[in-house]
Protein chains: 2
Amino acid sequence: MDSTAPTDGQQASAEKPATERADCVEELAFDVFAKACPSRATLAHATGRWGSLTLGALYDGTLRFNELRRRVDGVSEKMLSQTLHALERDGLVHREAQLTNPPRVDYELTPLGSEVAERLLQLIHLVEGRMDEVLRARERYDAARGGR
Amino acid sequence: MDSTAPTDGQQASAEKPATERADCVEELAFDVFAKACPSRATLAHATGRWGSLTLGALYDGTLRFNELRRRVDGVSEKMLSQTLHALERDGLVHREAQLTNPPRVDYELTPLGSEVAERLLQLIHLVEGRMDEVLRARERYDAARGGR
DNA sequence: CGGTATCCTATTAGATACTG
DNA sequence: CAGTATCTAATAGGATACCG
């Protein structure tokens with residue numbers, strides 16, 4: 001049960017025991033702070049190492065499998081495949097296959113995926129624009145504690 | 001070389017070979033699409049499983065170590081410690097220790113951390129508000145392909 | 001081209017025990 | 001309280017081979 005499974009523990013087709021599901025809403029501001037909330041998994045798919053970059057790449061428009069692979073530098077076939085399946089399952093990406101020869105498969109964001117990608121890109125843009133601050137903070141931290 | 005290391009491969013105090021750093025800017029819309037960009041690591045810290053929840057929890061205000069642990073349901077001491085160190089190193093979180101007895105340590109967002117958390121929270125809020133869509137998409141996907 | 005299946009390694013996460 | 005150290009389990013990730 002590994003290889004190209006949808007990234008999660010199970011939940012692909014199995015159900016979790018009742019004890020793990022109940023405590024979702026509680027008095028928390030956001031459900032996601034409670035473990036075993038489905039939103040936690042979706043957020044993980046969207047923000048994960050490859051998920052965020054895949055969504056970001058697709059924000060500019062539809063891309064084919066190997067186009068995506070070249071855009072998202074460093075992703076392996078396996079991880080891209082897994083990532084796309086997880087995002088498709090969550091309804092963030094739409095897969096359009098044409099059974100021609102050679103085959104052609106297009107991936108594009110759904111409306112929801114587009115909204116998610118937009119927020120992700122805002123975050124990416126913010127972080128990139130402030131990397132100088134981050135780098136300086138790292139130097140300070142390493143100077144103070146890195147010496148140990 | 002594991003235990004409480006700052007989540008990354010090395011780079012805590014070691015440098016990567018030059019071959020892995022150069023290709024950062026290129027013609028990409030965002031650096032982060034190129035591997036070996038420092039922004040990729042920072043983004044990973046902020047969006048990671050525990051990083052996003054930690055930043056989200058701190059957005060409401062300063063919290064102590066064990067308060068955070070209770071807020072971020074399911075995080076272990078070790079992972080919270082690691083996560084906080086990574087976020088502090090990147091300049092997203094400020095750590096304020098009082099050497100009293102018993103010790104008291106407060107964690108709060110830096111101005112940059114606050115901006116990052118804000119965008120993160122927008123994402124979290126979006127995903128949570130649309131979980132019904134996600135769940136329906138999952139049912140459709142599993143009905144079509146889960147049968148295999 | 002657009003993937004899956006398999007095998008294997010590396011990284012991450014958790015439990016537990018211990019310290020200032 | 002606020003962690004660190006250590007050991008182990010689970011998961012992510014990569015290389016390779018193969019298929020429609």
Side-chain angles (χ1 to χ4, degrees), chain A residues 1-12 20 35-36 40-41 44-45 47-54 62-88 93 95-108 145 148, chain B residues 1-12 35 40-41 44-45 47-54 62-88 93 95-108 145 148:
Chain A
M1 204 267 271
D2 109 321
S3 69
T4 315
T7 302
D8 301 333
Q10 37 257 67
Q11 137 204 89
E20 287 194 53
K35 68 181 171 192
R40 198 120 123 181
H45 298 155
T47 63
R49 182 169 177 194
W50 303 120
S52 58
L53 297 175
T54 302
T62 301
L63 289 174
R64 299 174 63 178
F65 189 84
N66 280 312
E67 289 175 337
L68 262 173
R69 214 162 100 80
R70 280 186 291 274
R71 274 265 199 145
V72 180
D73 190 22
V75 71
S76 65
E77 287 189 358
K78 179 182 154 185
M79 292 318 298
L80 182 57
S81 177
Q82 257 182 232
T83 301
L84 285 169
H85 279 304
L87 295 176
E88 190 194 352
V93 162
R95 180 178 184 275
E96 187 86 33
Q98 296 168 47
L99 284 83
T100 55
N101 192 310
R104 179 191 176 94
V105 182
D106 291 302
Y107 291 93
E108 62 181 327
R145 319 196 140 213
R148 282 192 308 154
Chain B
M1 203 266 273
D2 103 323
S3 69
T4 314
T7 304
D8 299 335
Q10 34 257 70
Q11 140 203 86
K35 67 181 171 192
R40 196 120 125 183
H45 299 155
T47 64
R49 183 170 177 193
W50 303 121
S52 58
L53 297 174
T54 302
T62 299
L63 290 173
R64 299 173 61 178
F65 189 84
N66 280 313
E67 288 174 335
L68 262 172
R69 214 161 99 79
R70 281 186 291 275
R71 275 265 200 144
V72 180
D73 191 21
V75 70
S76 65
E77 288 188 357
K78 180 183 151 184
M79 292 318 298
L80 182 57
S81 177
Q82 260 184 229
T83 301
L84 285 168
H85 280 303
L87 295 176
E88 189 195 354
V93 162
R95 180 177 184 277
E96 187 85 34
Q98 295 168 48
L99 284 84
T100 54
N101 193 310
R104 178 190 178 96
V105 181
D106 291 302
Y107 290 94
E108 63 181 327
R145 319 197 139 212
R148 281 191 308 154

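Below, chain A is the first sequence line, B the second, and so on; all start at residue 1.
- In this structure, of C:dC7, C:dG3, D:dG3, it is C:dC7 that holds the atom nearest to the side chain of A:K78.
- Across B:L87 and B:G51, no two heavy atoms sit closer than the pair CD1-O, 4.3 Å.
- Closest to the side chain of A:E77, out of C:dA15, D:dT4, C:dG3, is C:dG3.
- For D:dA12, neither phosphate oxygen OP1 nor OP2 lies less than 4.0 angstrom from any side-chain nitrogen or oxygen of A:R49.
- If you check D:dA12, C:dT4, C:dA13 against the side chain of A:S81, the one that comes closest is C:dT4.
- Across B:W50 and B:D73, no two heavy atoms sit closer than the pair CZ3-O, 4.1 Å.
- In this structure, B:H85 does not reach the D:dG3 phosphate: none of its side-chain N or O atoms is under 4.0 Å from OP1 or OP2.
- The nucleotide whose nearest atom lies closest to any side-chain atom of B:N66 is, among C:dC1, D:dC1, C:dG14, D:dC1.
- Nearest approach of B:R40 to A:L53, heavy atoms of both residues: NH1-CD1, 3.3 Å.
- The nearest whole Å value for the distance from the CE atom in B:M79 to the P atom in C:dG14 is 7 Å.
- Note on A:Y107: a side-chain N or O is less than 4.0 Å away from OP1 or OP2 of C:dG3.
- With distances taken from any side-chain atom of B:V105 to the nucleotides D:dT4, D:dG14, D:dA2, the minimum falls on D:dA2.
- Considering only side-chain N and O atoms, A:R64 lies under 4.0 angstrom from the phosphate OP1 or OP2 of C:dG2.
- For A:P103, the side-chain atoms get nearest to C:dC1 when compared with the rest of C:dA13, C:dC1, C:dG3.
- As judged by a 4.0 angstrom heavy-atom cut-off over every strand, B:R95 is placed among residues touching the sugar-phosphate backbone only.
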